[in-house]
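Would you mind keeping the following structure in view while I ask a few things?
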There are 2 protein chains.
Amino acid sequence: MTKAAAANRHEALSADTRDKILDAAEVLFAERGYSAVSTRNITDKAGVNVAAIFYHFGSKQAVLDEIFKRRLEPINRRREAMLAECIGPDVENYSVADILTAFIAPTLDLGTSSFKLLAGRTSTDPNPEVREVMFSVYDSVARSFFAALDKACPHLSKKEMFWRAACVYGAMMYIRADNSRLQYIFGDDFSLSNAEEAVRYAIPFLTAGMTSPPVDEPAGRLRKMPTKTAPSSNTKKRKGS
Amino acid sequence: MTKAAAANRHEALSADTRDKILDAAEVLFAERGYSAVSTRNITDKAGVNVAAIFYHFGSKQAVLDEIFKRRLEPINRRREAMLAECIGPDVENYSVADILTAFIAPTLDLGTSSFKLLAGRTSTDPNPEVREVMFSVYDSVARSFFAALDKACPHLSKKEMFWRAACVYGAMMYIRADNSRLQYIFGDDFSLSNAEEAVRYAIPFLTAGMTSPPVDEPAGRLRKMPTKTAPSSNTKKRKGS
DNA sequence: GTCTATATGTGGATAGAC
DNA sequence: GTCTATCCACATATAGAC
């Protein structure tokens with residue numbers, strides 16, 4: 001609107017336009033989903049010309065890609081820094097809770113609230129364009145964490161770890177996605193958007209699950225099991241499903 | 001199946017077209033997402049005319065709605081039957097594992113594999129049309145379960161239950177959604193699509209989380225971190241978006 | 001670098017012949 | 001009930017003037 005564009009000889013404005021597009025798209029994608037937002041929706045909200053997206057990024061998909069790259073970099077840097085504090089030579093002292101915190105907390109309290117929503121909501125988006133971006137941006141960080149968890153939980157087979165990882169991932173992504181389903185059930189006083197509460201209440205839940213006894217009887221030689229976590233008092237028999 | 005189809009001889013052909021549309025749409029929505037599938041994609045795959053969707057359902061959104069209603073009915077009937085076996089007069093004997101199994105198992109081994117994917121993948125879809133359907137079809141069943149869990153876990157405040165419910169929901173939906181992210185990390189030998197394995201390995205995880213000690217003191221006084229480990233120094237507050 | 005104008009295709013949905 | 005033909009709004013993307 002404002003024609004301060006008069007003072008725009010440098011690329012300052014170019015970068016500004018890029019960021020305006022990314023900011024607007026991030027919010028819209030989070031609110032309505034990638035597929036339901038058009039490039040015109042984005043440029044309208046960003047206050048830039050319709051052609052700017054294609055000049056600066058080349059395609060709508062490239063905008064999504066840039067959104068993730070830009071936010072994930074600091075998040076993953078922090079995750080790795082926190083993980084580095086958790087792992088050391090004394091494997092016996094690995095803390096599952098700390099590893100899970102290092103994995104999850106930065107995804108909840110870094111970046112923008114819109115990106116948090118977007119990341120959670122796109123994590124299971126089947127749209128091929130979205131999936132392509134997801135697989136290109138999510139990289140080796142997760143491997144480092146599961147390697148650390150593996151050392152911290154030597155009583156678990158790879159298969160058991162796989163299923164527990166799914167529970168961890170699912171909880172983390174669902175909390176990030178923050179659909180309002182649970183508010184609908186529990187009431188408006190409750191919300192998944194509070195990062196401190198999420199860490200406070202979800203990490204202990206996941207730690208208890210991760211450190212619980214293995215389902216399969218250990219056939220081979222195993223290292224000792226964790227002893228600090230309180231055993232679940234209510235795990236009675238299950239009938240087969 | 002065949003006899004039931006023969007029973008409604010009148011609308012046999014009409015119902016057939018309806019079902020062809022629903023079947024095709026269920027698969028396509030699961031594979032690519034609601035927003036990325038057009039009505040023409042659906043009618044092409046179903047082998048029916050393009051106008052059939054609007055004649056039989058009125059809109060694309062109504063097709064999604066019907067897909068959910070048709071599959072959710074038997075799933076929720078089974079859930080409620082299983083829950084009924086878990087709850088009784090002797091609250092002391094409520095089994096968290098059994099309640100969770102009643103809640104989750106039917107969503108994994110009933111219906112089609114496409115519907116399982118679709119349900120998981122749409123659970124956090126922000127598209128307004130999809131959300132509208134989600135809120136219209138998911139009903140009181142969840143309330144019954146959380147009421148039962150509340151009785152089985154009297155040591156938990158409503159807030160603690162809220163966060164644990166989020167973890168349970170998230171794990172269940174993520175497993176249903178079965179994006180291939182974890183295969184990418186753990187290898188192709190592992191898959192979330194096996195319902196028996198899901199029940200076998202995920203329910204104990206969630207039961208351990210659900211039955212773990214409360215984070216907050218029952219008296220109402222708060223303490224730092226409930227786990228054995230020292231509180232992570234990295235969980236300090238950070239400003240939101 | 002930014003804009004207008006437009007190319008080109010597809011979306012959901014409908015009318016009306018059969 | 002089914003199909004052809006079609007409406008029209010909007011999609012992504014580009015060309016070329018400024």
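It should be emphasised that the depicted structure is a prediction, and the values quoted were computed from it without experimental measurement.
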Check your understanding: How many Å lie between CG on Leu28(B) and P on dG12(C), as a whole number?
Key ->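 Taking CG of Leu28(B) and P of dG12(C), I get 12 Å after rounding.
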Review point. Residues two or more places apart in sequence or in another chain: which of them pass side-chain contact (heavy atoms from CB on, under 4.5 Å) with Glu80(B)?
Key: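 Checked Glu80(B) against side-chain contact (heavy atoms from CB on, under 4.5 Å); matches are Val141(B).
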**Study point:** Lys60(A) NZ to dC10(D) C1', straight-line distance once rounded to whole Å
**Key:**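 Result: 12 Å.
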Check your understanding: So does Thr17(B) get a side-chain nitrogen or oxygen closer than 4.0 Å to the phosphate oxygens (OP1/OP2) of dT2(D)?
Key ->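 Checking dT2(D) against Thr17(B), a side-chain N or O does come within under 4.0 Å of OP1 or OP2.
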**Study point:** Residue mapping more 5' on DNA chain D - nearest nucleotide basis, Gly58(A) or Ala36(A)
**Key:**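 Nearest-nucleotide comparison on DNA chain D picks Ala36(A).
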Check your understanding: So, is His56(B) close to the dT2(D) phosphate, meaning a side-chain N or O under 4.0 Å from OP1 or OP2?
Key ->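 Answer yes for this pair, as a side-chain N or O of His56(B) is under 4.0 Å from OP1 or OP2.
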Practice item. Scan residues 44-54 of chain A for pairs that pass side chain to side chain donor-acceptor pair (under 3.5 Å), counting only residues two or more places apart or in two chains. Key: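 Applying side chain to side chain donor-acceptor pair (under 3.5 Å) to every pair that reaches into residues 44-54 of chain A, excluding sequence neighbours, yields nothing.
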Practice item. Send over the distance from Ile53(B) CD1 to dT4(D) P, rounded to a whole Å. Key: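 From Ile53(B) CD1 to dT4(D) P: 16 Å.
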Point to revise | Spacing between Phe54(B) atom CZ and dG16(C) atom P, to the nearest angstrom | key: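 Distance check: Phe54(B) CZ to dG16(C) P gives 17 Å.
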Review point. Do NZ/NE/NH1/NH2 and the carboxylate oxygens of Arg70(B) and Asp23(B) come within less than 4.0 Å?
Key: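 The answer is yes: the pair qualifies as a salt bridge.
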Practice item. Take the protein atom CG of Asn127(B) and the nucleotide atom P of dG11(C), then report the distance between them rounded to whole Å. Key: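 My rounded result for the distance is 15 Å.
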Point to revise | Where at least one partner belongs to residues 118-144 of chain B, residue pairs that pass ring pair (Phe, Tyr, Trp, His ring centres under 6.0 Å), sequence neighbours excluded | key: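 Every ring pair (Phe, Tyr, Trp, His ring centres under 6.0 Å) pair that includes a residue of residues 118-144 of chain B, provided the two are not neighbours, is Tyr184(A)-Phe135(B).
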Point to revise | d(CG, Asn41(A); P, dA13(D)) in whole Å | key: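 Checked: the CG to P distance equals 14 Å.
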Point to revise | Between dA15(D) (P) and Tyr55(A) (OH): distance, integer Å | key: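 So the two atoms are 15 Å apart, to the nearest Å.
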Practice item. Show your reasoning for whether salt bridge (Lys or Arg N to Asp or Glu O under 4.0 Å) applies to Asp65(A) and Lys69(A). Key: CA-CA 6 Å; Asp65(A) 197 65; Lys69(A) 289 213 168 81; 2.4 Å; yes
Exercise for review: Measure from NZ on Lys20(B) to P on dG1(D) and round the result to the nearest Å.
Suggested key: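 Result: 14 Å.
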Is there any protein nitrogen or oxygen under 3.5 Å from a nitrogen or oxygen in nucleotides 5-10 of chain C, and what are the pairs?
residue	atom	partner	partner atom	Å
dT6(C)	O4	Arg40(A)	NH2	3.4

Review point. What pairs with Arg143(B) under salt bridge (charged side-chain N to carboxylate O under 4.0 Å, His left out), at least two apart in sequence or on another chain?
Key: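 None.
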Point to revise | Contacts of type side-chain contact (heavy atoms from CB on, under 4.5 Å), residue Ala25(A), not counting sequence neighbours | key: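 Ala25(A) satisfies side-chain contact (heavy atoms from CB on, under 4.5 Å) with Phe29(A), Ile42(A), Val63(A), Ile67(A) once adjacent residues are dropped.
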Check your understanding: Within the structure shown, what part of the strands sits under 4.0 Å from Val37(B) by heavy-atom distance: base, sugar-phosphate, or nothing?
Key ->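 If one applies the 4.0 Å heavy-atom cut-off, Val37(B) turns out to touch the sugar-phosphate alone, with no base involved.
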